[in-house]
Structure formats: structure tokens, C-alpha cells
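Note sheet for the following structure.
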Amino acid sequence: MPGPNQITPAQLMRLIGVPDAPAIVDVRLPEDLAADPRLIPGSLILPHDRFDPAPANLHGQKVIVVCQKGRKLSEGVAALLRTQSIDAQVLEGGSMAWAEAALPMIPLKAYPKTNLWVTRHRPKIDRIACPWLIRRFIDPTARFLFVAPTEVQAVADRFSATPFDIEDCFYSHRGETCTFDTLITEFALHTEPLQRLAQVVRAADTDRHDLSPQAAGLLAISVGLSRQFRNDLEQLDVGMTLYDALYRWARDGHEEGHDWPAGRSA
């Protein structure tokens with residue numbers, strides 16, 4: 001049973017991917033990171049001596065502190081944060097317990113050098129689903145540039161941004177899969193809910209609605225949103241809510257149907 005200021009790996013996994021997920025800070029020593037160069041999804045790396053005073057972006061958030069074994073480094077950092085009125089807990093057992101539970105971990109080498117991403121303007125399915133996945137599971141600080149299709153690669157080069165969902169770039173369609181699938185593969189996010197959601201995104205984005213009965217609905221809503229908003233970033237904000245709901249369906253509600261009035265004839 002976890003202590004009063006601890007959270008178990010299973011409990012934390014339930015919080016990752018939802019809109020009010022806690023900030024996760026990894027305070028492992030460099031040698032510990034070298035021994036296992038992977039991060040819990042959504043983590044930020046910060047040295048343990050950078051919390052007095054706490055970084056401004058942690059104020060007003062719930063924080064989970066992660067070290068190698070859940071002992072002195074995370075206990076000390078969490079205690080320091082609590083003296084600054086920040087709700088902070090320790091991951092019980094640290095990153096080692098998370099790994100032993102076979103929960104998803106993102107290879108450090110997979111992370112781009114900056115938090116800036118760029119893609120084609122007027123997004124619909126993949127170009128909203130991918131930013132959702134990046135912000136919820138990879139980098140909560142990620143920013144997205146929507147530009148003319150012909151300028152995506154040039155903007156990426158000039159502004160040190162990571163291009164996605166365009167032809168001939170690393171994060172794009174591969175064979176019959178879409179960019180959402182590519183991100184899941186490259187960032188090692190093969191959880192059952194994300195795989196279930198990926199099938200819906202893939203079916204809608206590649207116009208193969210036979211793969212998922214939800215695909216036609218996702219396409220219709222995505223097209224409607226693209227007609228409703230002229231500003232791509234406003235559309236992304238609303239789209240984040242859409243994919244938050246789809247993720248909760250994929251995680252908790254995919255077996256639920258709807259039958260009203262009950263017992264009606266076919």
C-alpha cells in the first residue's frame with residue numbers, strides 16, 4: 001500500500017493521457033538515466049536541485065516526482081514542492097517499479113530536439129489526432145505550426161521544427177498505416193487503449209471505414225470542425241476535447257452500447 005504522499009505505477013498510468021493529468025518530473029541522476037534511457041510518458045527531465053524555488057510552470061499543478069527507486073531524490077523534491085504549496089507526490093518504487101510493471105516507457109533517443117512541430121494547414125484527422133497524442137503522452141509543452149503544404153519542410157528547416165504528416169518525412173504514413181500509428185511505434189506507446197484509438201484514426205484518415213464502425217463518425221465530425229473554424233489553432237483546441245473523449249471511450253467505454261427504449265423491435 002502506498003504511503004500518504006505516494007502514488008503507485010498503476011494509479012499514475014490511469015492519470016496519463018487525460019486533460020487534468022499531473023505534471024511528471026523525472027529527477028533521476030545522469031547515471032541512472034544512462035542505465036535506463038527511457039521516460040514515463042509525458043515526463044519532463046529536471047535536475048533534483050532545480051526545485052527551490054520551483055519552476056514557475058509547476059505552480060497550480062499536481063506533480064508526480066520520479067527517481068530511480070522512489071527514495072531520497074523524489075522524496076526530497078516532493079517535500080520541497082509541498083513547502084511551496086504545490087501538491088506533490090512520489091512514484092512508489094520509482095522508474096524501476098514502472099519498468100517492472102511493463103508499463104510504457106518512451107526512449108530518450110526518440111524525442112525531437114525542440115518542442116516545435118509543423119504540418120499542413122487546415123487539419124482534419126491525423127493532423128489533430130497527432131498533436132493530441134504528442135501533448136497527452138509525449139511532450140505536454142509541444143507547440144504546433146500549421147502552414148501551407150508547400151512550405152512545411154522549409155519551415156521545419158528554418159525554425160528547427162519537426163515536420164509530420166507530409167510526404168517524405170519521418171513522422172508520416174507508412175504503408176497502410178497513418179501518422180498516428182507511426183508516432184505510437186516510434187515512441188513505444190503500444191497500450192491497448194491507444195491501439196484501439198489508432199484503428200479508428202487509421203480507418204477514418206485512410207478512408208477505410210470497414211476497419212472500424214466509428215471511422216465514418218470521426219470523419220464527419222472532423223470535416224465539420226474544419227468547416228467551422230478558420231483558425232487552425234482554435235480548431236486544435238476543440239479537437240483536443242474530441243480526442244480526449246475518444247481516448248476515454250477507447251480506455252473505458254468501448255464495450256458500452258446504447259439501447260433505448262429497451263427491448264424495441266429490430
Side-chain angles (χ1 to χ4, degrees), residues 2 5-28 33 36-46 55 57-58 60-70 74 77-78 81 86-108 110-112 115 117 128-144 180-201 236-237 239-254:
N5 294 311
Q6 292 183 326
I7 186 171
T8 68
Q11 289 170 334
L12 177 56
M13 187 63 212
R14 291 283 295 177
L15 299 178
I16 294 173
V18 300
D20 56 351
I24 305 171
V25 291
D26 190 314
V27 298
R28 282 180 289 170
L33 274 170
D36 187 358
R38 300 178 299 164
L39 294 179
I40 293 171
S43 295
L44 299 174
I45 300 174
L46 285 172
N57 64 318
L58 296 184
Q61 293 201 67
K62 183 172 183 177
V63 178
I64 308 298
V65 187
V66 180
C67 67
Q68 186 184 44
K69 298 180 181 179
S74 51
V77 167
L81 291 175
I86 296 173
D87 183 359
Q89 291 180 293
V90 171
L91 178 64
E92 183 184 39
S95 63
M96 291 182 67
W98 186 275
E100 288 168 3
L103 294 170
M105 298 189 79
I106 299 176
L108 265 177
Y111 283 90
N115 71 343
W117 298 71
I128 297 293
C130 290
W132 173 84
L133 182 68
I134 292 165
R135 281 190 180 162
R136 294 289 186 252
F137 287 88
I138 299 168
D139 180 3
T141 71
R143 295 175 295 157
F144 297 93
F180 193 84
D181 293 296
T182 298
L183 288 170
I184 287 176
T185 296
E186 294 299 327
F187 289 92
L189 292 170
H190 296 287
T191 68
E192 186 175 338
L194 285 178
Q195 295 280 43
R196 185 174 292 114
L197 177 54
Q199 183 164 320
V200 180
V201 173
L236 175 58
D237 286 342
M240 292 289 290
T241 301
L242 168 64
Y243 282 94
D244 285 335
L246 282 171
Y247 177 67
R248 290 304 297 270
W249 164 82
R251 195 189 74 177
D252 305 320
H254 62 95

R38: partners by side-chain hydrogen bond (donor to acceptor under 3.5 Å, both in side chains), with sequence neighbours left out: D36
With Q61 via side chain to side chain contact (heavy atoms under 4.5 Å, CB included) - residues at least two apart: A23
L183 and I134: CA distance, side-chain angles, deciding distance, side-chain contact (heavy atoms from CB on, under 4.5 Å) verdict: CA-CA 8 Å; L183 288 170; I134 292 165; 4.1 Å; yes
side-chain contact (heavy atoms from CB on, under 4.5 Å) evaluation trace for N57 with T141: CA-CA 10 Å; N57 64 318; T141 71; 5.6 Å; no
Taking every non-hydrogen atom, the tightest pair across D181 and A198: OD1-CB, 3.6 Å
I184 to Q195 - nearest heavy-atom pair and separation: CG2-OE1, 4.3 Å
Criterion side-chain contact (heavy atoms from CB on, under 4.5 Å) on T185 and H190, from CA distance to verdict: CA-CA 7 Å; T185 296; H190 296 287; 3.8 Å; yes
I138 and I106, any side-chain heavy atoms less than 4.5 Å apart: yes
Close side-chain approach of P22 and L12, heavy atoms under 4.5 Å: yes
Side-chain heavy atoms of F144 within contact of C130, under 4.5 Å: no
Positive for side-chain contact (heavy atoms from CB on, under 4.5 Å) with I24, one of V65, L91, I16: I16
I64 vs I40 side-chain heavy atoms within contact, under 4.5 Å: no
Heavy-atom pair of closest approach, residues C67 and G70: SG-N, 3.2 Å
S74 and K69, any side-chain heavy atoms less than 4.5 Å apart: no
Value rounded to 0.5 Å, distance of CZ in R28 from CG in L39: 6.0 Å
D139 to N115 - nearest heavy-atom pair and separation: OD2-CB, 3.2 Å
I7 side, atom CD1; E92 side, atom CD - distance, nearest 0.5 Å: 10.0 Å
Point-to-point distance, once rounded to the nearest 0.5 Å, from CD of Q89 to CD of Q11: 8.0 Å
Test side-chain contact (heavy atoms from CB on, under 4.5 Å) applied to L33 and I45, step by step: CA-CA 10 Å; L33 274 170; I45 300 174; 4.1 Å; yes
Sole residue of F187, Y247, Y243 in ring pair (Phe, Tyr, Trp, His ring centres under 6.0 Å) with F137: Y247
Main-chain N/O of R14 paired with R251 side-chain donor or acceptor, under 3.5 Å: yes
For W132, side-chain hydrogen bond (donor to acceptor under 3.5 Å, both in side chains) partners two or more places apart: D244
Over all atoms of both residues, closest heavy-atom pair of V66 and G94: CG1-C, 4.4 Å
L197 side chain reached by H254 side chain, heavy atoms, under 4.5 Å: no
Nearest heavy atoms of E186 and P107, plus distance in Å: O-CD, 4.5 Å
